[in-house]
Amino acid sequence: MSDGFQHAYGACGIEYRGTHFQGWQRLRKDGRNVQSCVETALSRVADHEVTTACAGRTDSGVHARYQVVHFDTEAERDMHGWVLGCNTHLPGDVSVLWAQPVEDRSCAVLGDCPHLPLLYSQPHGAAGAAARSGNLGMPATGCHAHAGRCRKRLIGEHDFSGYRALSCQSTSPVRHVRRLTVCRQDEYIVIAIEANAFVHHMVRNIAGVLMTIGKGKADVAWSAEILAGR
């Protein structure tokens, strides 16, 4: 299966602007969601109904880059065919970046798919940058240094009650953060968070705390204080 895949497991990487979506998951018929759009496009290319499993889910309004999606297929298409065909049938705010055959379903269900909040560092960002990222309104250098100092306090298994939404319905607030990195890419700051799971709004709240500390509006110890305060 070097050029295509048939009766096999497939995976594709997607990105999307979540502004006009109610998140990834297909929860109800009247809400626009990414999963339905991707499944419709894959089904059109495969010429049979395709369902998907995704590494992680996003909330309403949340953007994603490099999110991994698993699907089963009975169709034989080459990699270019999957990518080009899907993008032909997708709306402008969703794109398939790549596609490839995989050995089993674990590529998406258990794969490494960190959440990646993007923070733009210029006071008046370009329209494209503003659409995909939060705006720091300050140079990236200082914010990157300050935010990076407190990231290790959040790594490991903790009670993340202080970082979840009041509306969170998870039965347990305990999560294990395996990796949390803060790096600079040109005029962006990228926060990569990998965990066994996330409670509601955990990623955006961590990003908000790191932004506040990075701007010098709170001490580095604040991230640990929120964790301890639950």
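Values below: every heavy atom of this structure, side chains too, minus hydrogens, waters and symmetry copies.
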Strictly distance-based, threshold 3.5 Å: is any side-chain N or O of Asn87 a donor or acceptor partner for the main-chain N or O of Val96? yes

Sorted by first residue and then second, give each side chain to side chain donor-acceptor pair (under 3.5 Å) pair with at least one member in residues 90-99; sequence neighbours left out. Arg32-Asp93

When you compare the side chain of Val50 with that of Glu74, does any pair of heavy atoms fall below 4.5 Å? no

Under 4.5 Å between side-chain heavy atoms, hopping through other hydrophobics if needed: is there a path connecting Val68 to Leu97? yes

Measure the CG-CD1 distance between Leu180 and Ile206 for me, rounded to the nearest 0.5 Å. 6.0 Å

Might you confirm whether atom NE2 of His20 has over 12 heavy atoms from other residues, nucleotides or ligands at distances under 6.0 Å? no

Using the rule given for side-chain contact (heavy atoms from CB on, under 4.5 Å), can you reason through Arg26 versus Glu39, listing the C-alpha separation, both sets of side-chain angles and the distance that settles it, and then say yes or no? CA-CA 10 Å; Arg26 183 187 349 96; Glu39 289 180 347; 2.8 Å; yes

Can you measure from CZ (Phe71) to CG (Leu42) and round to the nearest 0.5 angstrom? 5.0 Å

Are Asn33 and Ser36 close enough, and set up right, to give a side-chain contact (heavy atoms from CB on, under 4.5 Å), and what steps lead you there? CA-CA 6 Å; Asn33 60 83; Ser36 294; 2.9 Å; yes

Which heavy atom in Gly18 sits nearest to a heavy atom in His63, and how many Å separate them? N-ND1, 2.8 Å

Non-neighbouring partners of Thr51 that pass side chain to side chain donor-acceptor pair (under 3.5 Å), sequence neighbours left out: none

In chain order, what residues pass the salt bridge (charged side-chain N to carboxylate O under 4.0 Å, His left out) check against Asp159, with sequence neighbours excluded? Arg230

Which salt bridge (charged side-chain N to carboxylate O under 4.0 Å, His left out) pairs, counting each pair once, include a residue from residues 218-228, with sequence neighbours left out? none

Enter the distance from Asp47:CG to Arg77:CZ here, rounded to the nearest 0.5 Å. 6.5 Å

Checking Tyr16 now: which residues fulfil side chain to side chain donor-acceptor pair (under 3.5 Å) with it, not counting sequence neighbours? Thr58, Gln67

Give the minimum heavy-atom separation between Leu154 and Ser223, together with the two atoms involved. CD2-O, 4.0 Å

Which residues share a side chain to side chain contact (heavy atoms under 4.5 Å, CB included) with Ser167, sequence neighbours left out: Ala165, His200

Tell me, please, which residues at least two apart from Ser170 pass side chain to side chain donor-acceptor pair (under 3.5 Å). Arg175

Who passes side chain to side chain donor-acceptor pair (under 3.5 Å) against Ser43, sequence neighbours left out? none

So, for Val199 and Pro173, which heavy atoms are closest and what is the spacing to 0.1 Å? CG1-CA, 4.0 Å

Please enumerate all residues that pass ring-ring contact (aromatic ring centres under 6.0 Å, His included) together with His158, with sequence neighbours excluded. Phe160

Candidate pair Phe21 and Val94, rule side-chain contact (heavy atoms from CB on, under 4.5 Å), full reasoning: CA-CA 10 Å; Phe21 287 104; Val94 187; 3.5 Å; yes

I would like to know whether Tyr163 and Leu227 meet side-chain contact (heavy atoms from CB on, under 4.5 Å); could you show each step before the answer? CA-CA 7 Å; Tyr163 285 90; Leu227 202 62; 4.0 Å; yes

Out of curiosity, Ile226 CD1 to Ser161 OG, how far, rounded to the nearest 0.5 Å? 12.5 Å

Do other residues, nucleotides or ligands put more than 12 heavy atoms under 6.0 Å from the CZ atom of Arg153? yes

Sidechain-backbone polar pair: Glu194 side chain, Arg178 backbone, donor-acceptor under 3.5 Å: no

Between Trp24 and Val38, is any pair of side-chain heavy atoms under 4.5 Å apart? yes

In Å and rounded to the nearest 0.5 Å, what is the CD to OG1 distance from Glu49 to Thr73? 12.5 Å

Looking at every non-hydrogen atom in both residues, tell me the closest pair between Gln100 and Met79 and how far apart they are. CA-SD, 3.4 Å

What residues form a side chain to side chain contact (heavy atoms under 4.5 Å, CB included) with Ala218, not counting sequence neighbours? Thr212, Ile213, Trp222

For residues Arg164 and Asn205, determine if any side-chain heavy atom of one lies less than 4.5 Å from a side-chain heavy atom of the other. no

Residue His176 excluded, over 12 heavy atoms near NE2 under 6.0 Å: yes

Would you mind reporting whether Trp82 and Cys12 have side-chain heavy atoms less than 4.5 Å apart? no

